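Inspection log for the structure reproduced underneath, given as structure tokens.
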Amino acid sequence: MPQSAPQAPSTATEVAREHVLVLDFGSQYAQLIARRVREQNVYCEIVRHDIAAEQIRARGAMGLILSGGPSSVYEDGAPRCDPAIFELGIPILGICYGMQLACEVLGGEVGRTESREYGRADCLIQSDDVLFREVSPETVVWMSHGDQVSSVSDQFKPLATTGTCPIAAIKHVDLPVYGLQFHPEVTHTSEGRAVLKNFVLGVCHCRGLWRLRDFAEEMIVKLREEIGDHQVICGLSGGVDSAVTAAMLCRAVGSQVSCILVDNGLLRANEQQLVIDAFQEHFQTHLRVVDGEERFLNALAGVTEPQEKRRRIGHAFIECFRDEAEKIDGAHFLAQGTLYPDVIESGAAPDGPAATIKLHHNVGGLPEELGFDLIEPLRDLFKDEVRQLGLELGLPEALVWRHPFPGPGLAVRCLGEVTKDKLKVLREADAIVVDEITKYGLYRDTAQAFAVLLPVQSVGVMGDARTYDNAIAVRCVDTNDFMTADWSRLPYDLLASISTRIINEVRGINRVCYDISSKPPATIEWE
């Protein structure tokens with residue numbers, strides 16, 4: 001017989017251990033699920049899909065979430081869990097692939113649908129179960145699947161349905177096992193947060209007493225122990241990720257940190273001076289500025305393929321650090337502000353089931369012989385968590401809320417070959433986009449705004465003369481976690497101002513387009 005579900009902890013020590021585990025079956029949203037759990041102030045970790053039931057028991061998890069994934073449960077070699085997890089008595093929520101796997105293990109059947117279902121769907125809730133407490137009887141959910149549960153035994157109770165999916169949510173009659181065919185973790189599911197909250201607090205009986213500052217304190221202690229008396233090199237880019245990384249390192253080991261800004265010629269307008277000014281005001285350690293423009297542009301000459309751009313940037317990046325590190329006695333560690341969206345899009349664990357979307361220069365683009373031990377204290381966090389952490393560490397709001405900038409810089413916003421002249425055009429257009437959005441008072445209301453130089457020319461008329469010049473795409477998105485995003489509905493007069501200024505002030509541009517793609521299916525960056 002299954003054991004009874006674990007009870008909520010009653011002591012301060014037990015509260016610190018109160019947590020939920022996400023079993024990762026290769027979903028691009030596994031860490032987003034963990035993020036949604038943390039929003040309920042419950043600590044959450046991601047573990048391998050095949051973790052043993054006894055390990056889960058030893059960890060004392062309050063609940064398990066089985067993630068989605070790209071496989072089909074009936075395929076040879078599809079990732080599977082230890083079937084004994086269903087005998088632990090711990091509440092389990094299967095999402096998409098996780099639901100299909102749970103149903104198959106417990107006696108259901110899974111089959112391929114006539115057509116892949118991708119996008120929003122109207123969902124009808126058919127039960128007053130705790131999982132759907134305070135969720136509207138008719139709600140919008142996000143589907144992304146080619147398979148679905150086709151039949152179940154009478155040991156399951158249907159909880160919800162959609163027009164194309166008769167079993168959109170399900171519950172086992174005797175076991176604390178739930179399944180959702182849709183994805184509650186993405187923002188496109190309108191009441192998904194409420195569903196996950198109900199699972200974590202209502203089904204798992206977690207109390208929600210964990211705080212992000214607990215993570216900061218634990219990480220600072222861990223960094224201090226790991227670094228010891230060695231020197232650490234920290235790469236600064238001007239963004240919040242590297243700034244928070246530097247702040248944590250300074251708290252942990254102080255003067256043992258040497259920060260390096262590599263001016264790779266791919267930075268935004270006035271980026272170098274902005275970094276220097278912010279650093280001198282808020283950090284009490286040494287900053288080194290490396291002029292690497294020529295090295296990076298030479299490495300990128302003639303390259304148009306996005307992944308190859310990232311690989312070459314990664315190699316040039318680490319070469320600059322190696323050259324500078326020779327001047328620092330005892331340099332042993334390299335610290336980077338890698339976030340989890342970078343990790344998951346780069347394919348996560350090399351032996352795991354996740355698919356690679358794109359290489360990130362500070363994840364998959366580094367050469368195997370790094371020369372340093374890598375430290376990435378933020379790699380389990382999302383952007384909004386990093387911002388909150390920055391405020392906890394006392395960083396100024398202007399730095400904390402600055403729009404993110406990709407590690408490969410303007411190279412991944414300059415489509416096609418990257419040249420100094422094209423970068424100049426892009427840099428000027430990008431500065432106008434940010435300036436206009438700031439003047440309109442929408443900088444904090446948008447998550448990321450920038451310009452992209454397209455390898456496209458079109459006919460125009462300027463000063464009664466025919467032109468055949470380049471096009472700029474403006475990209476502006478709204479998001480909290482950067483794993484999903486929607487395009488910003490900017491006012492028409494703001495878009496008109498941006499377009500007019502770019503065409504009038506940036507030589508070589510005669511057309512401006514606005515990107516209205518969401519993530520998914522598009523990514524935020526174009527390359």
Side-chain angles (χ1 to χ4, degrees), residues 219 223 226-227 230-268 271-280 282-293 295-296 299 310-328 330-343 346 359-367 369-379 381 383 386 389-390 393 395 399 402 404-412:
M219 182 55 67
L223 288 171
E226 181 178 0
I227 294 169
H230 293 288
Q231 295 292 313
V232 185
I233 298 173
C234 179
L236 281 183
S237 67
V240 62
D241 307 337
S242 61
V244 172
T245 298
M248 292 188 72
L249 287 168
C250 288
R251 288 280 187 94
V253 295
S255 60
Q256 293 169 232
V257 182
S258 294
C259 292
I260 297 177
L261 169 65
V262 176
D263 187 348
N264 53 15
L266 308 173
L267 301 179
R268 290 172 287 194
E271 189 86 19
Q272 183 185 124
Q273 193 57 50
L274 288 171
V275 174
I276 293 173
D277 293 344
F279 187 89
Q280 291 176 340
H282 300 291
F283 295 90
Q284 301 301 315
T285 190
H286 185 57
L287 173 65
R288 298 167 179 261
V289 179
V290 179
D291 182 4
E293 180 181 39
R295 171 179 280 173
F296 279 81
R310 289 175 177 271
R311 289 189 184 94
R312 294 195 180 203
I313 289 169
H315 281 271
F317 175 77
I318 201 62
E319 286 171 3
C320 286
F321 267 86
R322 279 180 173 151
D323 290 347
E324 195 65 22
E326 293 176 356
K327 308 171 187 176
I328 303 174
H332 185 77
F333 293 97
L334 170 64
Q336 295 185 151
T338 307
L339 304 192
Y340 199 83
D342 300 336
V343 176
S346 296
L359 289 179
H360 289 261
H361 89 288
N362 54 348
V363 180
L366 296 179
E369 296 299 325
L370 184 63
F372 304 100
D373 287 342
L374 192 61
I375 294 178
E376 297 175 315
L378 309 180
R379 68 180 283 120
L381 301 182
K383 182 70 71 173
V386 173
L389 187 57
L393 294 170
L395 295 178
L399 181 57
R402 193 174 187 204
F405 188 57
L410 295 180
V412 293

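All values reported here derive from a predicted model rather than from experimental measurement. Keep in mind that the numbers below use all heavy atoms, side chains included, and drop hydrogens, waters and symmetry copies.
Between the side chain of R312 and the backbone N or O of A299, at least one donor-acceptor pair lies under 3.5 Å. At least one donor-acceptor pair closer than 3.5 Å links the side chain of R251 to the backbone N or O of L393. Remark: the backbone N or O of H230 is paired with a side-chain donor or acceptor of Q256 at under 3.5 angstrom.
In this structure the side chain of Q336 reaches within 4.5 angstrom of the side chain of F317, judged on heavy atoms. The closest side-chain heavy-atom distance from L395 to V244 is below 4.5 Å. Between L374 and F333, the closest side-chain pair of non-hydrogen atoms is not below 4.5 Å. Side chains of P408 and L266 form no contact here, defined as non-hydrogen atoms less than 4.5 Å apart. The side-chain heavy atoms of V289 and I260, taken from C-beta on, include no pair separated by under 4.5 Å. Using a 4.5 Å heavy-atom threshold, the side chains of V240 and L399 count as separate. The closest side-chain heavy-atom distance from H332 to Q231 is not below 4.5 Å. Residues C259 and H286 are not in side-chain contact: their nearest non-hydrogen atoms beyond the backbone lie 4.5 Å or more apart.
Pairing each heavy atom of G292 with each of C320, the nearest pair is CA-SG, 4.5 Å. Taking each heavy atom of P406 and V412 in turn, the nearest pair found is CG-CG2, 3.9 Å. In terms of heavy atoms, D241 sits closest to G337 at CB-O, 3.4 Å.
Atom CD of residue Q272 and atom CG of residue L236 lie 12.0 Å apart, to the nearest 0.5 angstrom.
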Full working for side chain to side chain contact (heavy atoms under 4.5 Å, CB included) between L261 and R288: CA-CA 6 Å; L261 169 65; R288 298 167 179 261; over 6 Å; no
Please report the C-alpha distance between D323 and R295 in whole Å, then the side-chain angles of each, then the deciding distance to 0.1 Å, and finally whether the salt bridge (charged side-chain N to carboxylate O under 4.0 Å, His left out) criterion is met. CA-CA 12 Å; D323 290 347; R295 171 179 280 173; 2.7 Å; yes
Side chain to side chain contact (heavy atoms under 4.5 Å, CB included) between V232 and L334, worked out: CA-CA 6 Å; V232 185; L334 170 64; over 6 Å; no
Take L381 and L389, measure what side chain to side chain contact (heavy atoms under 4.5 Å, CB included) needs, and give me the verdict at the end. CA-CA 10 Å; L381 301 182; L389 187 57; 3.9 Å; yes
Does T245 form a side chain to side chain contact (heavy atoms under 4.5 Å, CB included) with C234? I'd like the steps, not just the answer. CA-CA 8 Å; T245 298; C234 179; 4.1 Å; yes
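In this structure R402 satisfies the salt bridge (charged side-chain N to carboxylate O under 4.0 Å, His left out) test together with E271, sequence neighbours excluded.
Checked against I233 for a side chain to side chain contact (heavy atoms under 4.5 Å, CB included), the options V257, L249, I375, I328 give a single hit: I328.
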